[in-house]
Amino acid sequence: MLNAERRKTILLLIPVVLVLGGYVLYPALRTALESIHKNGVFSLQNYSDFFGAKAKANFEALWNSVWISLASVFFSACIGLPLAYIFNRYDFPGRKFFAGIAIMPIVLPSLVGVMAFMFLYGEAGLIPNAIKDIFNLKNVPFSIGGISGILLVHAYTMYPYFYMTSSSALGNIDPSLEEAASNLGASKFKVFWKVTFPLLTPGLVAAALLVFMVSMASFSAPFLLAGGFRVLSLQIYFSKINGDLEMAATQSVILSMVSISFLLFMRWFQSRKDYRMALKGIGAHRSEVNNPFLKWVMVSIGILAMIVLLLPHVTLLILSLVPDGAWTWQTYPQSFNFENFILLFEDPYIWEPVKNSLIMAFLACIGVFIFGIFTSYALVKRKFFGKNLLDILVMIPWALPATVVGMNMILAFNTPSPFSFGKVLVGTFWILPLAYFVRFLPLVVRSTNAVLEQLDDSIEEAAQNLGAKWFYTFRKVVLPIIMPGVLSGTLLAFVQAVGEFPTSVLLYTIGNRPISIEIMNQLRMFNIGQAAAYGMIQVGLIAIVMFISSKFFGVKAEKSLG
């Protein structure tokens, strides 16, 4: 006979397992099955080809993907963690403004972000040419491209993961712990290293996982900047467009295995210690910077960082205001007008992709909001057999390249199945919201996990000992505490869904085409100005959503993934 706790766990797990099994495991298995077929016959020839002497490119791409991802984690942490510590622990003029600017890379969708970097730091970019003219140099002193370009874009776009997780974790640390260590004579560095840093570990591990997996799956930066440099996500794309779906599936499986190995390693690293503490509702305090010299040094660094962070956004705005074709023969743009915006707004169908993006992202986010809470609670607060497997299952969509998630959806739902309620989903409106749900679910689960892991079980037990039922305790005690993490993860999922491109390009139809597809269409027609104008609309939508979330619902993006 099952006891009450076991029954609750089973009831909680049934929908979680069904959804993860139907929309994550089943499509992934279809990809795995595809990888062990050659010309329709069961065979391991694809794997033999991948690792064989004739497939040096695949091996080289795998190695490049791994070390670039590790380097992306390192550089993102080097930027994100110090920024989070400075903005959360020190008070100086402009701190709130600089802290808000620090998350600006998150509002720049990957495709238009890389485009802005090319016009900013490329061989014909504004910065290298400005330096060349100022110092009267013969050639531009630098230009991004290849490995340096990919790493620069990755560090810029991915450091917010470390910044946001560290900010959230720093805000949850009870200041009495650090004060106790200081009162015992520990230096500031020792307090940070022995008290603060260990408590940041869950958030840092979550950020490292996300950066590693996003980097492994990165598509836009390698596609536009890699040149002859090979990475596995590009190899998958090339295999697919060459019609070799079996090799694309094989490469996807190998890429997934590398990411899952990294996930297991980080989970082992995280599980070595207990990072929980009793939350007392006391916010972290900030030290005011009183030294005038130090104060203005920090303000100057803040202004410099603000300029660097906003340059890609400004470049995108400039691109959108330059008449089409005018910048192709000039070093610097000479004229500006609203021609690109006017041309776009003259199109009667201009708002269709915008409306589609918003509706599909909203539907997906309702799903990840509800499902993410229960999945995270089951993973962190419940004991059951197969918990590690379930955690890996949640993270698989993030480990897979976006194009592979799209292929999984196609292979799984191009025929009726119990998980599609007997319908064919490919070619319908619902396939993209479903793909967004699967792809961005890990964001909400990881952000909720980080808060739940710091929530001591005694708080929940105390409410139940006073006679409260489990669901009442969950609704009145647990949910309010974890809600900032849930909402922040959902906000980040919404932002990512609005800017999503690689999955959309495989699954969209005329009826549900999102805004990113329209941007790509404009780029294909070499309408750079109009593509930038569409990019500005996309950035504006994301910024408006983040502002409304912060102003009216108290959701802070810097707490995402915390």
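Side-chain atoms are counted along with the backbone in the values below, which use heavy atoms only and exclude waters and symmetry mates.
Asn512 places a side-chain N or O within donor-acceptor distance of the main-chain N or O of Thr509, the cut-off being under 3.5 Å. Although no hydrogens or angles enter the test, the distance criterion places a donor-acceptor pair under 3.5 Å between the side chain of Tyr159 and the main chain of Ala102. Under a 3.5 Å cut-off, the side chain of Tyr121 and the backbone N or O of Leu152 do not form any donor-acceptor pair. No donor-acceptor distance shorter than 3.5 angstrom exists from the side chain of Ser166 to the backbone of Tyr163, with no hydrogens or angles considered. Between the side chain of Asn88 and the backbone N or O of Ala84, at least one donor-acceptor pair lies under 3.5 Å. No side-chain donor-acceptor contact under 3.5 Å links Thr165 to the backbone of Leu204. Side-chain N or O atoms of His313 include none that pairs as donor or acceptor with a backbone N or O of Ala116 at under 3.5 Å.
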Inset, instruction - For the pair Phe341 and Leu321, evaluate side-chain contact (heavy atoms from CB on, under 4.5 Å) and give the outcome as yes or no after the intermediate values. - result: CA-CA 8 Å; Phe341 288 97; Leu321 295 176; 3.9 Å; yes
Legend entry - Leu363 vs Phe429, side-chain contact (heavy atoms from CB on, under 4.5 Å): CA-CA, chis, key distance, verdict: CA-CA 11 Å; Leu363 289 172; Phe429 174 85; 3.9 Å; yes
Inset, instruction - Please assess Ser320 against Asn340 for the test side chain to side chain donor-acceptor pair (under 3.5 Å), listing each intermediate value before the final yes or no. - result: CA-CA 6 Å; Ser320 69; Asn340 295 313; over 6 Å; no
Inset, instruction - Starting from the C-alpha separation in whole Å, work towards a yes-or-no answer on side chain to side chain donor-acceptor pair (under 3.5 Å) for Ser376 and Thr448. - result: CA-CA 6 Å; Ser376 180; Thr448 311; 4.5 Å; no
Legend entry - Stepwise side-chain contact (heavy atoms from CB on, under 4.5 Å) test for Ile303 and Ser300: CA-CA 5 Å; Ile303 292 171; Ser300 302; 5.8 Å; no
Inset, instruction - Apply the test side-chain contact (heavy atoms from CB on, under 4.5 Å) to residues Phe119 and Leu316: give CA-CA distance (whole Å), side-chain angles for both, the deciding distance (0.1 Å), then the verdict. - result: CA-CA 9 Å; Phe119 277 86; Leu316 186 65; over 6 Å; no
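To the nearest 0.5 Å, atom CG of residue Asp91 and atom NZ of residue Lys295 are 9.5 Å apart. Taken to the nearest 0.5 Å, the OG atom of Ser504 stands 5.0 Å off from the CG atom of Leu432. Separation of atoms CD1 (Ile519) and CD1 (Ile515) is listed at 5.5 Å; rounding is to 0.5 Å. To the nearest 0.5 Å, the span separating CD1 on Ile144 from CG on Leu120 amounts to 8.0 Å. Residue Leu358 holds its CG atom at 5.0 Å from CZ of Phe494, rounded to the nearest 0.5 Å. Rounded to the nearest 0.5 angstrom, Leu309 CG and Ile103 CD1 are separated by 11.0 Å.
Side-chain contact between Phe162 and Val73 is present, with heavy atoms from C-beta onward closer than 4.5 Å. You'll find the side chain of Met306 reaches within 4.5 Å of the side chain of Phe97, heavy atoms only. Taking the side chain as every heavy atom from C-beta outward, Leu81 and Leu200 approach each other to under 4.5 Å. For the pair Leu487/Leu491, no side-chain contact is recorded, criterion being any heavy-atom separation below 4.5 Å from C-beta on. Side-chain contact between Phe142 and Ile131 is present, with at least one heavy-atom pair separated by less than 4.5 Å. Side-chain contact between Gln235 and Leu232: present, with at least one pair of heavy atoms (C-beta onward) separated by less than 4.5 Å. Residues Tyr436 and Met360 are in side-chain contact: their nearest non-hydrogen atoms beyond the backbone lie under 4.5 Å apart. When side chains are defined from C-beta on, Pro353 counts as touching Tyr534, because their heavy atoms get closer than 4.5 Å.
Considering all non-hydrogen atoms of both residues, Ala435 and Val405 come closest at O-CG1, 4.4 Å. Closest approach of Arg230 to Asn64, counting heavy atoms only: O-ND2, 2.9 Å. The two residues Met409 and Val438 have their closest heavy-atom pair at CE-CG2, 4.1 Å. Looking at every heavy atom in both residues, Ser516 comes nearest to Glu500 through OG-O, 2.6 Å. Considering every non-hydrogen atom in both Ala61 and Val231, the closest pair reads CB-C, 3.6 Å. For the residue pair Leu108 and Gly113, the shortest heavy atom distance occurs at CD2-CA, 3.6 Å.
Residues Tyr156 and Phe117 place their aromatic rings such that the two centres sit under 6.0 Å apart.
Here Glu518 pairs with Arg513 in a salt bridge; the nearest charged N to carboxylate O distance falls below 4.0 Å.
A 6.0 Å sphere centred on OH of Tyr85 holds more than 12 heavy atoms belonging to other residues, nucleotides or ligands. Within a 6.0 Å radius of CZ in Phe336, more than 12 heavy atoms belonging to other residues, nucleotides or ligands are found. By the neighbour-count criterion of 12 heavy atoms within 6.0 Å, atom CZ of Phe74 is sparsely surrounded, having that number or fewer from other residues, nucleotides or ligands.
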